[in-house]
Each structure stands twice: as structure tokens, then as C-alpha cells.
**Q** 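Right, I'll just put the structure down here and ask away after.
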Amino acid sequence: MSADETTTAPPDADPEEHHKHEHEQQDAASRAERPPAPETGPPTPVIAPRTQADDEPEPQNDALPPDYFFKFHERARTKGVNMWLYRFVRLFLLPFFLIYFRLDRIGREHVPTDGPIIFASNHRSFLDPFIIGSMTKRPLFYVAKMELFKKPLQGWFLNSLGAIPVMREQSDQELLTTVRALLDRGDSLVIFPEGTRIRPGSLGRPRRGVGRFALETGVPIVPIALIGTEDVRKKWRVRPHKVSIRAGDPLVFPHTIDASKELAVEVTDRIWPRVELQWEWLGGLPPMRRAAVIGSGAWGTAVAVLLAKSGMEVELGTREEELAQKIDHERRNERYLPEVDLPPELSVKSAATIELSGQDLIVFAVPSKELPNAVAQAADRIGSRSAVLVLSKGLVPPLGTLPSEYVGARVRTRAIACLGGPAHAAEAVLHGASVVLATPDDALRRQLGDTLEQAGLGVERSRDLVGTELAGCAKNVAALAASAAGAAGMNAAGAAAGHAFSEVEEFAGTYGAAHETFLGLAGTGDLVATVLAAGSRNRRAGELLGSGVPADQIKQELGHVAEAVDTVPLLATVIENAGFDAPTVFALRDLINGEIEPAEWVSIVRRAA
């Protein structure tokens with residue numbers, strides 16, 4: 001059977017919302033089917049789709065006559081499941097599941113043996129309806145996309161086993177009528193409130209269809225969760241893998257005619273936590289509920305506020321207890337982010353007193369040169385199921401290690417991500433920003449990306465973790481180079497930025513960084529924002545450097561850390577040790593170290609080819 005045997009949008013009295021979701025799925029699948037461009041450079045970072053499964057084929061868009069599908073609805077209403085075929089298939093599948101998948105069925109005593117039932121379940125695989133069917137001897141009905149019914153024999157087979165076609169691009173009133181008829185007859189129905197297959201990671205967000213049906217039918221809702229089915233299939237091979245399923249106590253809500261959208265949402269919000277409870281009992285990844293941000297600078301405070309806006313419980317960790325009490329009392333970080341009030345969901349503590357083991361997300365929001373100290377204090381207290389987000393830009397001394405690489409070697413964590421792109425702290429909180437979330441972990445990319453989007457950020461998702469961090473380095477170097485040469489004119493500034501950025505990008509390619517990462521938000525986008533921002537620390541540091549101010553006095557002049565000043569010497573050493581020639585970067589290092597004068601630096605920039 002096809003991996004797309006089931007469509008997971010639950011019946012809903014709001015067809016427009018359902019069709020909008022279906023069109024989004026088709027658009028995502030259509031993009032996935034475009035032939036790749038000829039390979040001319042490093043691999044392109046994969047931008048993870050939020051809901052469409054990576055291997056899901058493009059839905060067919062052939063216009064199919066509604067009358068063709070009516071017979072399947074009519075058969076479901078009048079004849080129901082073909083019991084001979086159903087028993088034969090079950091006789092084969094149930095032992096196969098128990099042996100091949102080592103299926104563990106928990107909570108079967110909670111499933112009613114008669115009367116109508118709605119199973120509300122998470123959705124990970126095409127196998128899910130069949131696994132759910134193993135929890136009861138009664139046949140189940142479920143919704144499947146209409147393309148699977150185009151071939152008459154296949155359509156008859158699926159329909160005989162309880163599949164009901166959903167009409168895309170048309171009103172789903174026929175589906176609603178069929179479902180109500182089945183429930184009135186006392187049958188069982190499977191609904192996947194997430195609206196599509198969600199894999200990997202934690203559960204997705206539910207749609208309100210299950211709440212509406214719970215109210216308008218008065219049917220018991222059995223919360224159910226399954227885990228392991230997403231790992232069963234690799235391409236077209238079905239592999240042996242442990243699968244578990246668990247059912248909870250049925251939920252019953254008062255029968256309500258014409259339930260409002262608000263009431264349907266409220267009921268859905270009561271059903272879905274019971275599904276999450278079964279999921280987490282099985283060992284599934286929980287949603288992000290709690291976060292700790294270590295570092296109370298401008299960007300650390302801003303990210304803490306944004307995470308709190310997304311609905312998370314957030315603790316912001318400062319270096320000193322006295323500062324934590326001051327910020328918590330005033331509900332504002334007057335030194336670094338005076339424009340933003342702290343929300344009630346955000347508490348401020350000394351970083352050393354925060355309980356890190358129970359956090360879903362740990363954020364390191366300290367300058368790269370302070371990262372070793374922050375990691376040393378926190379590493380032993382971080383749980384292995386926590387995810388880590390690194391906000392540090394630049395390289396970690398003394399070896400010039402990438403921040404994510406440094407943290408990954410010292411912290412037990414399920415996954416690590418970094419955040420790149422142009423994002424002024426106060427502006428990001430007050431007006432939003434576009435950022436790059438980079439991690440090779442599919443689950444964290446989806447989960448954290450959704451969280452940041454809910455907080456109001458535009459999130460570009462990438463697998464290119466190394467490229468995103470090195471693009472941030474390139475931005476820092478180029479911005480510092482441009483402003484250090486700016487006193488000699490715009491031509492010199494442009495040449496300095498262009499040469500420095502190009503040299504770092506060429507070096508990054510040897511680490512597997514993608515060219516497109518440097519061209520996008522994480523590279524050129526961040527560079528433009530840094531150069532244009534009047535309050536940019538790296539820009540101001542370069543101006544001071546170009547005017548002859550020694551590098552060790554720049555922090556005192558700025559009152560803040562300019563990461564580029566620390567990054568350039570480390571990066572130059574790493575590039576030099578790798579055998580690369582980067583004359584602009586090397587000359588900028590010499591300027592920072594006081595080995596050449598600003599005039600000689602400009603002369604080198606003008607001679608660079």
C-alpha cells in the first residue's frame with residue numbers, strides 16, 4: 001500500500017480551513033518534486049518543511065468527477081466494512097505486527113466494546129490506522145485521500161477495509177454526512193487531529209475538528225498515541241522496529257448542536273493533552289514547555305522574552321544574584337534591553353541556581369569567549385533529553401572552535417541548534433525579525449522552528465549548522481574590515497568587506513558549508529544589517545580600530561563586547577593552519593594585534609586581488 005494511504009485531516013465543519021491546509025500540502029509536495037539543479041558547488045542546506053513528510057509523493061491534481069466517489073460513501077453508509085475481507089486481513093496483519101514489530105498494546109481495557117467511538121490519535125505513518133485497529137476487534141473507519149480511490153480495484157479494497165475518500169478542492173459535506181451516519185449507526189472512527197503526518201519529534205498542534213465532533217455527536221473520545229511507526233519504513237522497505245500504542249480513558253462531552261468555533265477549540269484543547277499524556281508515557285518527545293536562557297545580555301534577554309511569548313515557561317540566568325533580583329524586581333533589563341518589559345511567564349535568577357535537568361531547551365546566550373566558562377558551570381546539570389540552542393557568534397578560544405562543536409563535545413544533549421541572520425534584539429521583540437535556525441536534527445528543527453514562529457519571528461530552517469555559524473563569522477569579519485577601512489573612502493570599505501567575506505566563504509567550503517548559506521540571511525543579510533545599523537558594535541569597533549585605537553581599549557570605549565575583534569585573530573589562525581591564503585583576513589588580524597598601522601591596512605586592502 002502507498003505511504004499516503006491515509007489523509008489525516010479530521011472531519012471539520014469548516015471546509016475552507018481544511019482545503020487551505022490541503023493546498024499547502026500540495027504546494028510543499030510540488031516543490032519537493034522539482035528536479036534538482038546541476039551540482040556546481042557545496043551541497044545546498046535542506047530547508048525542512050514543517051508538516052509534509054520528506055518522502056511523501058506529490059498528490060495528483062487530476063479533476064475527478066464527484067459521482068465517482070459518491071459510491072464509496074454510499075457503500076460505507078449502507079454496507080460498512082466487508083467483514084470477510086476485514087477478518088482475512090486482520091488474521092494476517094495482527095500476528096505480523098505482534099512478531100515483526102514486537103507490538104506492545106497498552107490500555108485496551110479503556111476501549112468500549114460497543115457503541116460509537118472516536119479514536120483521537122497522533123499520526124506518524126501509513127500504518128497507524130492498522131495499528132490502532134489492533135486495539136479492538138471492531139472494524140474502524142478512517143479518512144483517505146481521494147487519489148487512492150482512482151483505481152477501481154484499489155478503491156474497492158480500501159473502502160472495504162473502512163477507508164472513506166475525502167474530496168479535495170471541493171466541499172467536504174459528503175464526508176461529514178458519511179461520518180455522522182457511521183457514528184449514528186454505532187461504528188468507530190479514527191481521527192488524526194494534527195491534520196497530517198507529523199514526524200519526527202514531538203506531537204504537532206491539533207485542529208479543532210475533533211472538538212467539534214465530540215460536541216455535535218456526544219460520542220466518547222478515546223485518546224490514543226502510538227510510537228515507532230515512523231521508523232518502520234525506509235523507502236519501500238518495511239523494517240522490523242519496536243512499535244507501541246497506548247489508549248487512555250474515554251472522554252465524553254455534552255451533546256451540543258451547532259457548536260461554536262471557540263467551544264470546539266476549547267474542547268480540542270482538553271482532548272489533546274490526554275493524547276500527549278499517552279505519547280509521553282510511551283517515551284515520546286514532549287513539547288517544549290520550559291526553557292532556561294543562560295546570559296542576560298540584549299540578545300539573551302530578547303530570546304527569553306520571545307520564548308515566553310510563545311507560551312513557554314522561561315528562566316533567564318544572570319551571572320550575579322544581585323543583578324537577577326534587580327531585573328526581576330524592575331521587570332526590565334535597563335542596561336541591555338530597556339525598551340522591552342519582561343512578561344509574567346519569565347523569571348530571572350542567578351544562572352547557578354536554575355535547575356537545568358528538567359528544562360526542554362537550554363539557550364547559551366553569552367559571547368563566544370565566555371562560552372567555556374558558561375558551559376563548564378552548566379554541563380553536568382543538563383539532562384540528556386534537553387535540546388541546546390547556541391546564540392554565540394564567532395569562534396571559541398583558544399583553538400578557534402565553532403560554538404556548536406564546542407558545546408556538543410561537552411554537554412549531554414539530544415540535539416544542538418544555532419540561530420543566525422540579522423536580528424536586532426529590541427526590534428526582534430517589538431516588531432519581529434527574520435532568522436535562520438540551523439540544526440541537522442529534523443525533530444528540533446521542526447519543534448523549535450514552530451516555537452519561534454509562534455513568538456512572531458520569520459524562521460528559515462536549515463540543516464547547514466556549520467555553514468550558518470561560519471557565515472556569522474564571515475559577517476563579523478567583513479563588517480569589521482569595512483568599517484576599519486571606511487576612513488579611506490567607500491571604495492576601500494567595499495573592497496575590504498568583499499575580500500574578507502569571500503576569503504572566509506572559500507575556507508568554509510572545506511568544512512562542507514553551503515554557498516547558498518552565505519548568500520542568504522545568515523551571511524549577506526546579516527552583513528547588510530550590521531553595516532547599516534547605527535548602533536552596531538562591530539561597525540563601531542572597526543571605526544575605532546581604523547582611527548588607531550588599540551584593540552584592547554575598544555571594549556572599554558564601547559561598553560559592550562565586539563565579537564569580531566575576538567573572532568578575527570582566531571579565525572585567521574585556523575585558516576592559516578589549514579593552509580589557505582586569506583590576505584585580507586590576515587592583514588586585519590595584524591591590525592588588531594597592533595603589528596601594522598591603519599594606513600598600511602588600507603594599502604593591503606587596495607592591493608588584494
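Only a predicted model underlies this, so the values are computations on that prediction, with no experimental measurement involved.
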**Q** Asp441 and Arg414: side chain to side chain contact (heavy atoms under 4.5 Å, CB included), yes or no, with the steps?
**A** CA-CA 9 Å; Asp441 187 86; Arg414 68 176 178 89; 4.2 Å; yes
**Q** Nearest 0.5 Å please: distance from the CG atom of Leu480 over to the CZ atom of Arg540.
**A** 12.5 Å
**Q** Spell out, as yes or no, whether a donor-acceptor pair under 3.5 Å connects the side chain of Gln359 to the backbone of Ala291.
**A** yes
**Q** Do the side chain of Arg537 and the main chain of Glu563 share a donor and acceptor less than 3.5 angstrom apart?
**A**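 No: the side chain of Arg537 does not pair with the backbone of Glu563.
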**Q** Using a strict threshold of under 4.0 Å (side-chain N to carboxylate O), is an ion pair present between Asp450 and Arg461?
**A** yes
**Q** Of all heavy-atom pairs between Leu470 and Ala508, which one has the smallest distance, and what is that distance?
**A**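 Distance-wise, the nearest heavy atoms are CD1-CB, 3.5 Å.
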**Q** Do side-chain atoms of Arg319 reach the backbone of Ala351 as a donor and acceptor pair under 3.5 angstrom?
**A**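 Answer holds: no.
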**Q** Can you see which heavy atom on Pro372 is nearest to which on Tyr406, and at what distance?
**A**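 Heavy atoms only, the tightest pair is CB-OH, 3.1 Å.
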**Q** Around atom CG of Asp258, are there more than 12 heavy atoms from other residues, nucleotides or ligands closer than 6.0 Å?
**A** no
**Q** I'd like to check Val375 versus Phe364 (side-chain heavy atoms, cut-off strictly below 4.5 Å). Are they in contact?
**A**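 They are in side-chain contact.
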**Q** Please check: side-chain N/O of Thr451 versus main-chain N/O of Gln447, any donor-acceptor pairing under 3.5 Å?
**A**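 Here the side-chain-to-backbone pair exists.
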**Q** Nearest 0.5 Å, please: how far is OG in Ser296 from CD1 in Ile327?
**A** 4.5 Å
**Q** Run the side-chain hydrogen bond (donor to acceptor under 3.5 Å, both in side chains) test on Thr530 and Asn538 for me, step by step, so that the C-alpha distance in whole Å, both residues' side-chain angles and the decisive distance to 0.1 Å come before the verdict.
**A** CA-CA 8 Å; Thr530 299; Asn538 288 324; 5.6 Å; no
**Q** Are there more than 12 heavy atoms of other residues, nucleotides or ligands under 6.0 Å from atom CD of Glu334?
**A** yes
**Q** Calculate, to the nearest 0.5 Å, the distance between atoms NE2 and CG belonging to His515 and Asp464 respectively.
**A**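 Answer for the NE2-CG pair, His515 versus Asp464, is 12.5 Å.
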**Q** If you round to the nearest 0.5 Å, how far is CG of Leu346 from CG of Asp341?
**A**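 Those atoms lie 12.0 Å apart.
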**Q** Which pair of heavy atoms, one from Lys369 and one from Asp566, lies closest together, and at what distance?
**A**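 Heavy atoms only, the tightest pair is CD-OD2, 3.5 Å.
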**Q** Scan for salt bridge (Lys or Arg N to Asp or Glu O under 4.0 Å) pairs involving residues 279-302, sequence neighbours excluded, and state none if there are none.
**A**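 Applying salt bridge (Lys or Arg N to Asp or Glu O under 4.0 Å) to every pair that reaches into residues 279-302, excluding sequence neighbours, yields Glu280-Arg289, Arg290-Glu315.
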**Q** Please answer whether the main-chain N or O of Leu452 pairs with a side-chain N or O of Ser310 as donor and acceptor at a distance below 3.5 Å.
**A**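 No, because the side chain of Ser310 does not come within donor-acceptor range (under 3.5 Å) of the backbone of Leu452.
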**Q** Are the side chains of Arg212 and Glu216 in contact, using a 4.5 Å heavy-atom criterion?
**A**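 Yes, their side chains come closer than 4.5 Å.
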**Q** Give the minimum heavy-atom separation between Cys473 and Thr567, together with the two atoms involved.
**A** SG-CG2, 4.2 Å
**Q** Where the side chain of Thr524 meets the backbone of Leu519, is there a donor-acceptor pair that is under 3.5 Å apart?
**A** yes
**Q** Can you pull out every side-chain hydrogen bond (donor to acceptor under 3.5 Å, both in side chains) where at least one residue sits in residues 380-402? Sequence neighbours excluded, please.
**A**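 Listed by first then second residue: Lys393-Asp526.
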**Q** Which residue pairs pass the side-chain hydrogen bond (donor to acceptor under 3.5 Å, both in side chains) test when at least one of the two sits in residues 419-440, sequence neighbours left out?
**A**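 Residue pairs passing side-chain hydrogen bond (donor to acceptor under 3.5 Å, both in side chains), neighbours aside: none found.
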**Q** Tell me if a side-chain donor or acceptor on Asp128 pairs with a main-chain N or O of Arg124 at a distance below 3.5 Å.
**A**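 Looks like yes, one N/O pair under 3.5 Å.
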**Q** One thing to verify: whether Glu322 and Lys326 come together as a salt bridge, which I'm taking to mean a side-chain N less than 4.0 angstrom from a carboxylate O.
**A** no
**Q** Quick one: does Ser368's side chain get under 4.5 Å of Leu395's, heavy atoms only?
**A** no
**Q** Just how far is it from atom CG of Leu203 to atom CD of Glu194, taken to the nearest 0.5 Å?
**A**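 One finds 5.5 Å between CG of Leu203 and CD of Glu194.
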**Q** Return the minimal non-hydrogen interatomic distance between Leu437 and Ala417, and the atom names on each side.
**A**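 Closest approach of Leu437 to Ala417: CD1-CB, 3.9 Å.
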**Q** I would like to know whether Arg274 and Asp249 meet side chain to side chain contact (heavy atoms under 4.5 Å, CB included); could you show each step before the answer?
**A** CA-CA 9 Å; Arg274 299 294 295 273; Asp249 293 320; 3.7 Å; yes
**Q** If you measure from the Lys or Arg side-chain nitrogens to the Asp or Glu carboxylate oxygens, is any gap between Glu355 and Lys349 under 4.0 Å?
**A** no
**Q** If you look at every heavy atom in Pro403 and Val396, which pair is closest and at what distance?
**A** CA-CG2, 3.9 Å
**Q** Between the side chains of Asp269 and Arg208, is the shortest nitrogen-to-carboxylate-oxygen separation below 4.0 Å, so that they form an ion pair?
**A**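 Asp269 and Arg208: not salt-bridged.
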**Q** Keeping the roles fixed (side chain from Trp279, backbone from Pro286), state whether a donor-acceptor pair exists under 3.5 Å.
**A** no
**Q** Check whether any side-chain N or O of Glu469 sits under 3.5 Å from a backbone N or O of Ser404 as a donor-acceptor pair, and report yes or no.
**A**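 Yes.
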**Q** Determine, stepwise, if the pair Ile245 / Ile106 fulfils side chain to side chain contact (heavy atoms under 4.5 Å, CB included).
**A** CA-CA 6 Å; Ile245 183 169; Ile106 306 166; over 6 Å; no
**Q** Checking side chain to side chain contact (heavy atoms under 4.5 Å, CB included) for the pair Leu342/Val305: CA distance, chi angles, key distance, verdict?
**A** CA-CA 6 Å; Leu342 304 186; Val305 172; 3.9 Å; yes
**Q** Are Val429 and Leu306 packed together at the side-chain level, in the sense that at least one heavy-atom pair is separated by less than 4.5 angstrom?
**A**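 Side-chain contact under 4.5 Å: yes.
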**Q** Around atom CZ of Arg332, are there more than 12 heavy atoms from other residues, nucleotides or ligands closer than 6.0 Å?
**A** yes
**Q** Does atom CZ of Arg205 have more than 12 heavy-atom neighbours, drawn from other residues, nucleotides or ligands, at distances under 6.0 Å?
**A**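 No, because the 6.0 Å sphere around CZ of Arg205 holds 12 heavy atoms or fewer from other groups.
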**Q** Distance from Ser244 atom OG to Leu226 atom CG, nearest 0.5 Å?
**A** 9.5 Å
**Q** In the structure I gave you, are the side-chain heavy atoms of Leu263 and Thr256 within less than 4.5 Å of one another anywhere?
**A**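 Side chain of Leu263 against side chain of Thr256, heavy atoms only: contact under 4.5 Å found.
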**Q** Using the salt bridge (Lys or Arg N to Asp or Glu O under 4.0 Å) rule, take Arg539 and Glu543 through it: C-alpha gap first, then chi angles, then the decisive distance, then the call.
**A** CA-CA 6 Å; Arg539 172 182 169 181; Glu543 291 171 347; 3.5 Å; yes
